[in-house]
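Basis for what follows: all heavy atoms, side chains included, without hydrogens, waters or symmetry-related copies. Fair warning: this is a prediction, and the values are worked out from it, not measured in the lab.
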Amino acid sequence: MKQLTKSILFAAAVAVSASAVLPASAADASATLDQLLQQVKSERISEAKLNKKREAEFLADRSSMKSRVAKAKADLAASVQRGEELKQSFADNQDLIAEKETELENAKGNLGEMFGVVRASAGEAVGRISTSVVSAQYPDRTALLEELAEAKALPKLEELEELWFALQTEMTESGKVVRFNKDVTMLNGDVVNAELIRIGSFGIVGEEGYMRFDAAKGEVQPLGRQPGSHMVAAIQDFMDVESGIAPVFIDPSRGQILGLLMQKATLVERYHQGGVVGYIITCVLAIGLLIALERIIVLTLVGGKIRAQQKNLANPSSNNPLGRIMMVGQQNKNVDLETLELKLDEAVLRELPKIERGISLIKIFAAIAPLLGLLGTVVGMIGTFQSITLFGTGDPKIMAGSISMALVTTAEGLIAALPLILAHSLAAGRAKAILSIIDEQSVGIVAQHAEQEKA
């Protein structure tokens, strides 16, 4: 209203100023003031109506807010009351739970001890049954046992019966020899459906030999390395039997011995563990045996020719040492005894290198082989100490390679020396027999010539 009054006074002042300046237009100014007065009145009425409308809306909002506040207070009081009721109910329930737990403990009596026994038995049964070869024929037998082993509540009667049935089934099947068909994962990755024979809980055999059951994958696989050939042959005969009793080799440790067999190094693998030194020993052995074989064959043929010459001393031949010595005796039968003896000694010495050739080399190889084995031992021990220096003694597998080399080369050196010594003995014996015959015959020729000179 103050603003409206100020506006009217300002308009009147403007009108008075205008009339003072322009008295000639007083009639027009009076008309303008009338219009302004009417406009002010109309705006006053409109503003009064607007203010009444705003006041009415404010009063209506105020009433609505009062009702909402009253409702909120009522809801708060109800919530507080509900909270008190729930708090009391919670306290009552806690007392009831404690009372019921006491009643449950009293009702269980000794059932808590039985619960522990059931869990322990189920846990042991899971480990035994899951890895048993019986599970290869009857899979998925451990689901309930695993639940019992991890249960937090007392088992039901049906669950106890299932535990009993599982243990009884394992006991019953462990005494049976059963044929069944199952997919077998071959070593090359192929899956083949084959007929298998389960020998109790000791193992599984098939056309491929002894099988192993992979409990983690639920697969049956042939062993990566089969036992001796006579054992595998017994399996073939065992599978052909339809009834009755048949012998077969089994693993009483339920696969542990066969598992260790797969990790056992073969003779070829042991040989390669000798490394470079082992290969050198092998070369020495091979060369020595070849020389010994050649000498034995040559000396055997020479000995045969000498024996044939002994049967025909009157006709000496140049194809054998004895015949050549006798020819020397015949060519010098007119010389004196001393000259003849020298001629015969010369002929014997001429034949000696041909007979004893290579025999000393065999002996040298027989002596070198153990020394090479000792060298491999030293090299292996050096490698072992280097491994200890670098990695410590925490993992024996790191040192196993060097220790294997040390031991294998020692064995290879001794093994190589034995046949070389035997071969040298045979070759030297044959050479010595030939030389004995030659010496004997040369002495006989000298004696015969001496008798002729005396006569």
Could you please spell out the steps behind the side chain to side chain contact (heavy atoms under 4.5 Å, CB included) verdict for Phe365 and Ile281?
CA-CA 9 Å; Phe365 283 165; Ile281 294 174; over 6 Å; no

Could you walk me through whether Asp92 and Leu96 pass the side chain to side chain contact (heavy atoms under 4.5 Å, CB included) check?
CA-CA 6 Å; Asp92 295 341; Leu96 181 61; over 6 Å; no

Mind running side chain to side chain contact (heavy atoms under 4.5 Å, CB included) on Glu294 and Ile297 for me, showing each step along the way?
CA-CA 5 Å; Glu294 185 270 340; Ile297 293 175; over 6 Å; no

Checking Ser201 against Glu170 for the side chain to side chain donor-acceptor pair (under 3.5 Å) test, could you report, in this order, the C-alpha distance in whole Å, the side-chain angles of both residues, the deciding distance, and whether it holds?
CA-CA 8 Å; Ser201 59; Glu170 182 69 17; 5.0 Å; no

Chi angles and distances behind the side chain to side chain contact (heavy atoms under 4.5 Å, CB included) call for Glu346, Val328
CA-CA 10 Å; Glu346 180 185 1; Val328 171; over 6 Å; no

Between Glu173 and Arg198, does a salt bridge (Lys or Arg N to Asp or Glu O under 4.0 Å) hold up when you go through it step by step?
CA-CA 9 Å; Glu173 294 296 329; Arg198 177 176 57 80; 2.6 Å; yes

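Looking at Asp336 and Thr339, their side chains do bring a donor and an acceptor atom within 3.5 Å of each other. Using modelled atom types and a 3.5 Å distance limit, the side chains of Asp240 and Gln236 yield no donor-acceptor pair. Counted by atom type alone, Asp183 and Asn193 present one or more donor-acceptor pairs between their side chains at under 3.5 Å. In the model, Gln309 has no side-chain atom that pairs as donor or acceptor with a side-chain atom of Ser317 under 3.5 Å.
In this structure a side-chain-to-backbone donor-acceptor pair under 3.5 Å is missing from Ser425 to Ile421. No donor-acceptor pair closer than 3.5 Å links the side chain of Ser64 to the backbone N or O of Ala60. Distance alone, capped at 3.5 Å, places no donor-acceptor pair between the Ser132 side chain and the Arg128 backbone. Between the Lys182 side chain and the Ala136 main chain, a donor and an acceptor come within less than 3.5 Å of each other. Proximity of a side-chain donor or acceptor of Ser135 to a complementary backbone N or O of Thr131 within less than 3.5 Å is not detected. Formation of a donor-acceptor pair under 3.5 Å by the Thr282 side chain with backbone atoms of Gly278 is found in this model. Checked by atom type and distance alone, the side chain of Thr409 pairs as donor or acceptor with a backbone atom of Thr377 at under 3.5 Å. A distance-only check finds no donor-acceptor pair linking the side chain of Arg430 to the backbone of Leu299 [under 3.5 Å]. Between the side chain of Ser89 and the backbone N or O of Glu85 there is no donor-acceptor pair closer than 3.5 Å. Between the side chain of Asn332 and the backbone N or O of Val335 there is no donor-acceptor pair closer than 3.5 Å.
Side-chain contact between Phe238 and Val177 is present, with at least one heavy-atom pair separated by less than 4.5 Å. Side-chain contact between Ile325 and Leu344 is present, with at least one heavy-atom pair separated by less than 4.5 Å. Counting only heavy atoms from C-beta outward, the side chains of Gln221 and Met211 never approach each other to under 4.5 Å. Residues Tyr210 and Pro227 meet the side-chain proximity criterion, which asks for heavy atoms closer than 4.5 Å. In this structure, the side chains of Ile97 and Gln94 come closer than 4.5 Å at one or more pairs of heavy atoms. Contact check for Val134 versus Ile129: no side-chain heavy atoms found under the 4.5 Å cut-off.
From Ile199, atom CD1 reaches atom CG of Leu196 across 11.0 Å, with rounding to the nearest 0.5 Å. Distance check: Glu219 CD to Arg212 CZ gives 9.5 Å after rounding to the nearest 0.5 Å. Taking CG of Leu322 as the reference point, atom CD of Glu440 lies at 9.5 Å (rounded to 0.5 Å). How far CD1 of Ile355 is from CZ of Arg295: 9.0 Å, rounded to the nearest 0.5 Å. To the nearest 0.5 Å, atoms CG (Leu293) and CG (Leu426) are separated by 11.0 Å. Atoms NZ and CD, from Lys343 and Glu338 in turn, are 12.5 Å apart once rounded to the nearest 0.5 Å.
Counting non-hydrogen atoms of other residues, nucleotides and ligands closer than 6.0 Å to CD of Gln168 gives a total above 12.
Classification of Glu195 and Arg179 as a salt-bridged pair holds, one side-chain N sitting under 4.0 Å from a carboxylate O.
Here the closest heavy-atom approach between residue Ile235 and residue Gly209 is recorded as CD1-C, 3.9 Å.
Among the candidates Leu420, Leu290, Ile415, Ile368, the single residue satisfying the side-chain contact (heavy atoms from CB on, under 4.5 Å) test with Leu285 is Leu420.
Less than 6.0 angstrom separates the ring centroid of Tyr271 from the ring centroid of Tyr279.
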